[in-house]
2 protein chains.
Amino acid sequence: MIEKEKNTEEKILEAAKKIFITKGFDGARMQEIANEAQINKALLHYYFRSKDKLFEAVFASVFSHFFPAILEAMQSEIPFAEKIKIFVDSYINMLTANPFLPAFIIGEINRNPETVLAMIKKNMGTKPDFLFKIIADEINMGRMRPIDPRHFMINMLSLCIFPFIARPIITGIFFENNHEASNGFMEERKNEIVSFIIKSISVRSV
Amino acid sequence: MIEKEKNTEEKILEAAKKIFITKGFDGARMQEIANEAQINKALLHYYFRSKDKLFEAVFASVFSHFFPAILEAMQSEIPFAEKIKIFVDSYINMLTANPFLPAFIIGEINRNPETVLAMIKKNMGTKPDFLFKIIADEINMGRMRPIDPRHFMINMLSLCIFPFIARPIITGIFFENNHEASNGFMEERKNEIVSFIIKSISVRSV
DNA sequence: GTCTATAAGTAGATAGAC
DNA sequence: GTCTATCTACTTATAGAC
C-alpha cells in the first residue's frame, strides 16, 4: 500500500486545517470537517474532545510553519545583504505555498491574543535577541544607517506579509482576478523588496 | 436635551459596529448587539431585516474611513517627499484612532472578497491612475529611481498598515502589553517609515 | 474505532400585544 | 416603535449499538 491510506487522525487534521483556514473558527462547522474527512461527526469528537481542542491542534500544527527554519541560515558568515535576500525569498516562498496562513493567524490573534502571543514567544526562543545583535553589529561597523532594530524587523515583515493579506484586493484591482499574473507579481516582489530594503538602510545620505 | 439621546437606529449601528469589529461576522451575536444597544433583539430585525443587512450597513459605514480624504492633498504642488509624509502621517493617525479597522476589513475580504473588491473599486474611482501618474512623473524627472508604481504603493501601504494588524503581537513582545509604550512606538513609525521610503527611492546608487 | 440517533442548547427571525 | 414570547433550524456534543 503506497502510503495512500492515511490513518483517521491525520485525515481529520488535514480536513480541519482546510476548513478552519478558509472559514475561521466561528465559521467552521464540525459537520463540514467530517464531510471533508469522509467520516462522521461523532468520530471527530472521539479523536478530539471538542471543537476547541481540534482547533488548538490545527493551529499548533499550522503555526509551526510561520517561522521558517531559514532564520538559522542568517547565522552564517555571509554579507548582511545576502541574509536579507535569503530571509525575504524564503518568507515569500513559504507564503506562496501557504497563501491563507497570514489571514488565519490574524484571525486567531484577534480571537485569542494571549494564547497566540504565548506560542510566538515559545517558538521564537532567543531568536529576536540574536537578530537584533546582527543588526546592531551592522550599524556599529558603519555598514548600515542607525535604525531601531524593532522598526527594521517590522518593516521587513510588513513588506513580505501584507501583500499576501491584501492579495484578493491586489489580484482583483491590478490583475482582474488573473491568478497567474498575480503569482508573477509576488515573485517579482522578492527582488523588489530586497532592493527597497537595501537602499533604505544604506549609510550614504540622500 | 444636549444631543444625549440618539435615535434607535444610530444606537443600533454603533452597537453593531462595536460587536462586529471585535467578533467578526460569524462570531457576533444579534443578542449581544441588542444588549450593547440596550434594546431587544426584535428591534434589530425591525430596523435591519437580517443580520446580513445589518452587517452590510456597518461595513459600508466603517469602510468609508479606509481611504483618507488626504489622498486629495497629494494633488497639490508640494515636493514628492512632502506628499509621502502627509500620506503616512494621515494613515497612521487614522489607524491609531481606529486600530481594529484593518483586521475587520481583512476578515470581510476573506469572507466575501467580491463585495469588498467592488466597494474598493467604487470608492477609489480614478485615484490609482492619478497616483501612478505622480509616481511616473517623479521617475521621468529623474528624482526617483525606476520602480513599478504598483510595488511602490503596496510597499507604502504595507509599512503603514501591517504593524496595526500585528499590533497585539508587537505590544506583547516588545512592550509587555504596555499600551502607552506601544502607542509611542507607532508614533515613532511615522518618521521611521518616511525615512525608510525616501531613502529607498533615492536615485543615487548604493 | 466507527457508526446512527438523539439530546441539549443556541442562533436568527417572526407573531402579535401594547 | 417597542416589547415578550415563541418558532424553526441548526450546532456541538453524547449515548449506545455494532
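In what follows, chains carry the letters A, B, and so on, assigned in the order in which the sequence lines appear, proteins first and then strands, with residues in each chain numbered from 1. Only heavy atoms go into these numbers, but all of them, side chains included; no hydrogens, no water, no symmetry mates.
- Between A/Phe185 and B/His151, the ring planes lie parallel to each other; the angle is under 30°, not in the 30° to 60° tilted range.
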Hey, what are the protein-to-nucleotides 9-11 of chain D N/O distances that come in under 3.5 Å?
{"residue": "D/dT11", "atom": "OP1", "partner": "A/Arg29", "partner atom": "NE", "Å": "3.0"}

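- With ring centers used as reference points, B/Phe63 lies under 6.0 Å from B/Phe59.
- Contacts of A/Lys17 classified as side chain to side chain donor-acceptor pair (under 3.5 Å), with partners at least two apart in sequence or in another chain: none.
- Enclosure of atom CZ in A/Arg49 is not indicated, since only 12 or fewer non-hydrogen atoms of other residues, nucleotides or ligands lie within 6.0 angstrom.
- Qualifying side chain to side chain donor-acceptor pair (under 3.5 Å) partners for B/Lys18, counting only residues two or more places apart in sequence or in other chains: B/Glu36.
- In the 5' to 3' direction, nucleotides of DNA chain C lying under 4.0 Å from heavy atoms of chain A begin and end at C/dG1 to C/dT4.
- Between B/Tyr47 and A/Ala42, the residue whose closest nucleotide on DNA chain D is further toward the 5' end is B/Tyr47.
- Relative ring orientation between B/Phe20 and B/Phe55 is described as perpendicular, the plane-to-plane angle rising above 60° on a 0-90° scale split at 30° and 60°.
- Remark: B/Asn35 engages B/Gln31 in a side chain to side chain donor-acceptor pair (under 3.5 Å) (not counting sequence neighbours).
- Within the structure, every pair that satisfies the side-chain hydrogen bond (donor to acceptor under 3.5 Å, both in side chains) test and touches residues 171-180 of chain B, not counting sequence neighbours, is listed here: B/Thr171-B/Ser182.
- Rounded to whole Å, the distance from NE2 on B/His45 to P on D/dT8 is 16 Å.
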